[in-house]
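Quick notes on the structure that follows.
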2 protein chains.
Amino acid sequence: MAIRPAEQLIHKAAWLYYAHGLRQDQVASQLNISRASVAMYLRKARETGIVNISTSTQLFTDDVLARRLEDALGLDSVWIAPENAYVVDPATDIAVLAASVFLELVKKGDRIGVAWGRTVYTIADIMSYADLQDVTVVQLCGNLGAPYSYRPDQCTMEIARRLNAKGLNFYAPLVLTTEELARGLRAEPVIREQLSGIGDCDLMLFSVGTVDADSHVVKCGALTSGEMEMLRKAGAAGVIAGQIIDSAGAALDCSHNRRVISADLQSLRAIEKRLMVVQEDSKFEPLLAALAGGLCTHLVVGAQMAQRLLDHAGAAGKNAP
Amino acid sequence: MAIRPAEQLIHKAAWLYYAHGLRQDQVASQLNISRASVAMYLRKARETGIVNISTSTQLFTDDVLARRLEDALGLDSVWIAPENAYVVDPATDIAVLAASVFLELVKKGDRIGVAWGRTVYTIADIMSYADLQDVTVVQLCGNLGAPYSYRPDQCTMEIARRLNAKGLNFYAPLVLTTEELARGLRAEPVIREQLSGIGDCDLMLFSVGTVDADSHVVKCGALTSGEMEMLRKAGAAGVIAGQIIDSAGAALDCSHNRRVISADLQSLRAIEKRLMVVQEDSKFEPLLAALAGGLCTHLVVGAQMAQRLLDHAGAAGKNAP
DNA sequence: GTGTCAATTTGACTTTTGTCGAGAGCCGTG
DNA sequence: CACGGCTCTCGACAAAAGTCAAATTGACAC
């Protein structure tokens, strides 16, 4: 019988195996199929998120360093990926941790804002599947016109797919050529609606970009390296969802920001849980800017970066009083 | 080195294996231990709840029968354990499902009320481990003086142990000989505090007892079969947390209820999620009584019982208009 | 009818995992 | 300091799970 085995069989096999603790051959005889099929169904069950295998990220917050950072920075929670005994490379380790943390923070019924970039896409890519109900994933900023590897819509859709959620894409370019056009587009009902819905999110996933010639926004063509150079001289310190922020974490008053279609920082701050993930050690300054702006509540970083942050906070603390 | 490998190693092994997807031998070489040890740590990780393997109970609510029951009874959610292709026996199947559902409903930070009885204890016994933070499990009624297999405190403690939660026991007998003594005891600060804390629970797990000579409360010696006989004549229809309810689901006006140390039904109804589990088909009448009293919001039953409930609701519906 | 196609299933094989008893280090005790 | 008792660890074997190419099946078009 080559009838589509439907979710029914997958679910049943998963139930017998994982919930009742039967062995695969026992499941096979219960369902009158071969053990090989059972093995296949179980793989599908894991890939679909019908079964969920998660490991506690407790240890990574229990770290003394993490606790001290939480206090020093006034964050809800900090996770630190240890960098001594890493598995593949520090960046991947951080992404794996971030994916677990993210899945731990998602609740059914949630509305989730997702930014973009290499970090976010890496997380999406290694994230395991979940079968959450009534979850919506919304794109936080416009798209890139040119085809590029880690596009905002790709990040959004991939995460939505993994969570078995609805993905809400942004059908607008990230950056326009004139401010007037950007204003006009923002006023469009479809766009306006999406932008105003961002504040209703329960959770947000993002990273922060650098403001040098290697920056993501430069490489993807949203800005030339010359423009970036000028912006940096004007006080640019980081990039959040396509927008330039200064070292205080406020949106920089510049033409680029006025030509961008993206969630404004005010709306982002209205989101209860804002998970920021930083992989590269080179993102120290941008990270500081984002923290200064109170843009994140939950943070995942590597051990090295964590130490730098704490040293910085300690030094600043000592200078202040 | 026979130093206690602490949670540290267990956690690390679990992380590499489950989050990073390494094989056991790879984990072993990473941690410089034998693969056999890795296998052992992983088992411990599962037993501790450091890793969590859960399977969606979606299918059991998606059932048409379940949906119709939700509507007919006005419940938030109904799960039906299919009884045709059962694994061990219907009762165990129901308990396995109930345990999964229960774990799905628990959130960290929750306060959970737990009643007692064979059903509750069975669920506790097969429930997998979880590593939840800040969870408190409170006992909903007093204890039995005589040693008995499914004691209230055992149910509470076992569930607390599985969830890695704090267990709050009731240091009072379930039923006293005089009403006066019961009143006095209820007024005791320790007891009063515990009783008044019940309404603050987020979740409650309970079953309902029968009111015949085979009843749990009779077998454990809280009531003689003669007393039970009289209570039944007086309108007793079921038992909830040691208290007798009538067919409308209200506390029966009787001496026994006045001599019992237990959460009053009003407090129970203040709990947001009230999960009731019924294993035996013989509990049809008690179940109806509990439903009539609006005592549960979430229900787990077997297919046969579900069908009877729906037939009953349908018949009642037809008679009414 | 019957040929084609894609999906599903399976048996046989390989790899991975679970388990057990033996051994080794640690500690308090006599 | 020798002695069990204890826990942790490991090697080797047995059991279970993963994988793949080949076979079967039903649907559909001709």
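In the text below, chain A, chain B and the rest are named by the order of the sequence lines, each starting its count at 1.
- Using a 4.0 Å cut-off, no side-chain N or O of B/Y41 falls inside it from OP1 or OP2 of D/dC8.
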From CA spacing to verdict: side-chain hydrogen bond (donor to acceptor under 3.5 Å, both in side chains), A/T57, A/E104 | CA-CA 8 Å; A/T57 61; A/E104 224 168 73; 3.0 Å; yes

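- Spacing between atom CZ of A/R23 and atom P of C/dT19 amounts to 11 Å, rounded to whole angstrom units.
- A sub-4.0 Å separation between OP1 or OP2 of C/dT10 and a side-chain N or O of A/S37 is present.
- Ion pairing of A/K44 with A/E47 is absent here, as no side-chain N (NZ or NE/NH1/NH2) approaches a carboxylate O to less than 4.0 Å.
- The interatomic distance linking B/R35 (CZ) with D/dA16 (P) rounds to 15 Å, in whole Å.
- Atoms CG (B/D25) and P (C/dT17) sit 7 Å apart, rounded to a whole Å.
- Rounding to whole angstrom units, CE of residue A/M40 and P of D/dT19 are separated by 12 Å.
- When the side-chain nitrogen and oxygen atoms of A/Q24 are compared with OP1 and OP2 of D/dG18, one or more of them lie within a distance under 4.0 Å.
- In this structure, the CD1 atom of B/I10 is 14 Å from the C1' atom of D/dT9, given to the nearest Å.
- A donor and an acceptor atom, one from each side chain of B/Y17 and B/R23, are nowhere located under 3.5 Å apart.
- Out of C/dT8, D/dC8, D/dT19, the shortest distance to the side chain of B/K44 is found at D/dC8.
- Taking atom CZ on B/R43 and atom P on C/dC20, their separation rounds to 9 Å, with Å as the unit.
- Aromatic ring centres of B/W116 and B/F206 lie farther apart than the 6.0 Å criterion allows.
- Regarding contacts with the backbone of C/dG18, a side-chain N or O of B/R46 is found under 4.0 angstrom from either OP1 or OP2.
- In this structure, CG of B/L42 is placed 15 Å from P of C/dT16, rounded to the nearest angstrom.
- One atom, CD1 of A/I33, and another, P of D/dT25, lie 16 Å apart when rounded to the nearest Å.
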